[in-house]
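Notes follow the structure.
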Amino acid sequence: MNVTHLECALCGLKHEAHRLLNLCRECGKPLLVRYDLDRAKQSLTKESLIGRRPDLWRYREVLPVEDDANIVTLGEGWTPLLHADRLGKAVGVAELYIKDEGQNPTQSFKARGMATAVSMAKELGAEKLAVPSAGNAAGALAADAARAGLECFIFMPRDTPLANVVECEQTGAHVTLMDGLITDCGAEVARRKEAEGWFDVSTLKEPYRVEGKKTLGYELAEQLNWELPDVIIYPTGGGTGLIGMWKAFDEMQQMGWIGSKRPRMVTVQATGCAPIVRAFQEGKRFADEFPNAATTASGLRVPKAIGDFLILDALKESGGTAVAVTDDELIEATKEIGASEGIFCAPEGAACLPALRKLLSTADVKTTERVVLFNTGSGVKYMESFAGGSS
Ligand SMILES: Cc1ncc(COP(=O)(O)O)c(C=O)c1O
Ligand SMILES: [Zn+2]
């Protein structure tokens with residue numbers, strides 16, 4: 001296929017492709033996949049996409065798997081980009097869209113990253129996969145690992161939504177619940193992986209999840225007829241989706257599909273765990289660990305992200321920003337989006353709405369602009385967050 005090498009996202013050091021690698025051997029930061037895009041674009045053209053399979057593998061030439069036989073799929077990707085007409089009227093933005101990632105297999109956008117990560121793990125001969133997760137990544141990994149015939153070991157905080165725990169158990173994963181946060185789960189995987197023979201598929205600690213996530217960027221462009229929106233609002237934990245989209249835009253520009261104009265990228269976090277918002281406000285490139293992280297939006301409870309500098313670079317380069325919203329605001333927004341658009345959002349996705357309202361009130365977003373909110377998952381996994389909200 002078209003992969004040329006892996007490249008460290010911080011120091012630029014080249015690493016050989018087609019090896020089971022985690023982080024940069026020099027500086028310990030994430031590795032990104034690089035392609036021969038001149039070659040890719042010979043068969044991957046805008047026109048060629050017409051009639052291709054309705055999942056993320058439609059962008060085959062810019063995905064890392066060498067042999068089609070190693071593709072592990074449950075149909076991830078190609079989710080609808082819905083025009084949110086009624087919600088748009090309520091906030092005063094006519095061109096408001098929601099990318100509904102709750103319609104993926106295992107009901108979240110984590111399915112994209114795990115589809116490519118598990119396919120590559122299979123191709124490169126890994127047998128046991130391990131992950132720390134806030135919940136949705138675990139469900140996606142468990143499903144794909146089952147389909148690939150690989151064993152997987154999942155570490156989640158004890159207070160992860162029950163649906164995430166049950167789905168992992170029912171799809172054959174080994175599940176360990178831990179007191180503490182996702183960072184504690186990550187430390188446990190790191191501590192045991194060598195002795196246990198696990199390949200660590202933590203967010204951005206292997207190069208391929210971001211490749212699946214980047215298809216969000218390709219899809220968005222294709223669904224908007226190759227004209228990117230003015231603003232993208234994205235609920236950010238580890239940041240793979242945002243980093244992936246940013247990478248996709250660069251690749252598309254290199255293939256001559258789009259120009260240099262970029263959407264303003266906006267990170268949304270919960271006030272109870274907002275390390276990126278704080279670092280952005282302080283003008284830092286690396287974010288300090290957020291103390292006592294707490295939010296009902298479990299996917300946003302990531303106190304420290306290894307890809308922090310990639311998120312912060314994208315926000316800055318795009319002229320975007322970072323916004324925090326309270327748990328009350330994001331839970332209320334779930335019902336507002338549900339009642340006006342019929343989309344039962346994950347609380348993380350719902351957080352985009354109060355963030356948009358804040359940006360409109362400060363004139364950081366204009367009502368005439370085209371805005372895309374990312375609903376990253378489905379509300380059905382979060383019964384605990386909504387319990388008592390039936391009045
Ligand atoms: C529904 C949902 N939205 C957003 C996020 C944050 O995603 P990322 O880590 O790619 O920033 C997560 C992560 O668990 C999630 O499950
Ligand atoms: Zn490096």
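Each ligand, and each atom within it, is numbered from 1 in the order the structure gives.
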Within ligand 1, which atoms have a heavy atom of [X] less than 4.0 Å away?
X: Lys213; value: 10 (O)
X: Asn136; value: 1 (C), 15 (C), 16 (O)
X: Thr236; value: 11 (O)
X: Tyr382; value: 1 (C)
X: Pro235; value: 4 (C), 6 (C)
X: Tyr234; value: 7 (O), 8 (P), 10 (O), 11 (O)

Quiz item: Under the 6.0 Å and 45° cation-pi test, does Lys213 pair with Phe109?
Solution: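 The answer is yes; both the distance and angle limits are met.
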Quiz item: Nearest heavy atom to atom 11 (O) of ligand 1: which of Ala134, Gly239, Gly377 does it belong to?
Solution: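 Looking at heavy atoms only, the winner is Gly239.
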Practice problem: Could you pull out, from Asn375, Thr376, Ile276, the option with a heavy atom nearest to atom 3 (N) of ligand 1? | Solution: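 Looking at heavy atoms only, Thr376 sits closest to atom 3 (N) of ligand 1.
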Self-check item: Identified side chain to side chain donor-acceptor pair (under 3.5 Å) counterpart of Arg209 within the set Thr240, Thr203, Thr116
Solution: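 Checked Thr240, Thr203, Thr116 against Arg209; only one passes side chain to side chain donor-acceptor pair (under 3.5 Å): Thr203.
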Give me the residue, atom name and distance of the protein heavy atom closest to [atom].
atom: atom 9 (O) of ligand 1; answer: Gly238 N, 2.7 Å
atom: atom 7 (O) of ligand 1; answer: Phe109 CZ, 3.1 Å
atom: atom 14 (O) of ligand 1; answer: Lys110 CE, 3.1 Å

Practice problem: For a side chain to side chain contact (heavy atoms under 4.5 Å, CB included) with Asp230, tell me which candidate from Arg262, Lys366, Lys261 qualifies. | Solution: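 Exactly one pass, corresponding to Lys261.
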Determine, using heavy atoms of [X] and all atoms of ligand 1, whether some pair is separated by less than 4.0 Å.
X: Gly241; result: yes
X: Lys381; result: no
X: Phe374; result: no

Quiz item: Would you call the rings of His83 and Tyr97 parallel, tilted or perpendicular, where under 30° means parallel and over 60° means perpendicular?
Solution: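 Correct class here is tilted.
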Quiz prompt | Heavy-atom check, side chain of Asn164 versus side chain of Lys381, under 4.5 Å | solution =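 Yes, side chains in contact.
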Self-check item: 4.5 Å side-chain heavy-atom contact, Met383 and Pro161
Solution: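 Answer no - side chains too far apart.
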Self-check item: Result of checking Phe249, Tyr218, Trp257 against Trp226 for ring-ring contact (aromatic ring centres under 6.0 Å, His included)
Solution: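 When Phe249, Tyr218, Trp257 are each tested with Trp226, the ring-ring contact (aromatic ring centres under 6.0 Å, His included) holds only for Trp257.
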Practice problem: Would you check whether Ser108 has a nitrogen or oxygen atom less than 3.5 angstrom from a nitrogen or oxygen atom of ligand 1? | Solution: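 Ser108 vs ligand 1: no N/O contact under 3.5 Å.
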Quiz item: Quick one: does Leu300 get an N or O within less than 3.5 Å of an N or O on ligand 1?
Solution: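 Among all N and O atoms of Leu300, none is under 3.5 Å from an N or O of ligand 1.
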Quiz item: Is it the case that one hydrophobic cluster holds both Met1 and Val65, taking links as side-chain heavy atoms less than 4.5 Å apart, direct or via other members?
Solution: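 No, no single cluster joins them.
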Quiz item: Any chain of hydrophobic side-chain contacts (each under 4.5 Å) joining Leu242 to Val266?
Solution: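 Different clusters: Leu242 never reaches Val266 through Ile, Leu, Val, Met, Phe, Trp or Tyr contacts under 4.5 Å.
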Practice problem: Would you tell me whether Arg52 and Ser48 have side-chain atoms, one donor and one acceptor, within less than 3.5 Å of each other? | Solution: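 A pair is found: one side chain offers a donor N or O, the other an acceptor, under 3.5 Å apart.
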Exercise. May I ask you to list the residues sharing a hydrophobic cluster with Val189, side-chain cutoff 4.5 Å, ordered by chain and number?
Key: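 Val189 shares its hydrophobic cluster with Phe153, Phe155, Met178, Trp198.
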Self-check item: Where at least one partner belongs to residues 341-356, residue pairs that pass side chain to side chain donor-acceptor pair (under 3.5 Å), sequence neighbours excluded
Solution: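 Every pair satisfying side chain to side chain donor-acceptor pair (under 3.5 Å) with a residue in residues 341-356: Glu348-Tyr382.
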Quiz item: CD/Glu289 to SG/Cys273 distance, rounded to the nearest 0.5 angstrom?
Solution: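 So the CD of Glu289 and the SG of Cys273 are separated by 9.0 Å.
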Self-check item: Neighbouring protein N, O or S atoms of the Zn ion (ligand 2) [cut-off: under 2.8 Å, no waters]
Solution: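 Checking every protein N, O and S atom gives Cys8 SG, Cys11 SG, Cys24 SG, Cys27 SG.
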Quiz item: For Arg147, what residues pass the salt bridge (charged side-chain N to carboxylate O under 4.0 Å, His left out) criterion, not counting sequence neighbours?
Solution: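 Not a single residue meets the salt bridge (charged side-chain N to carboxylate O under 4.0 Å, His left out) criterion with Arg147.
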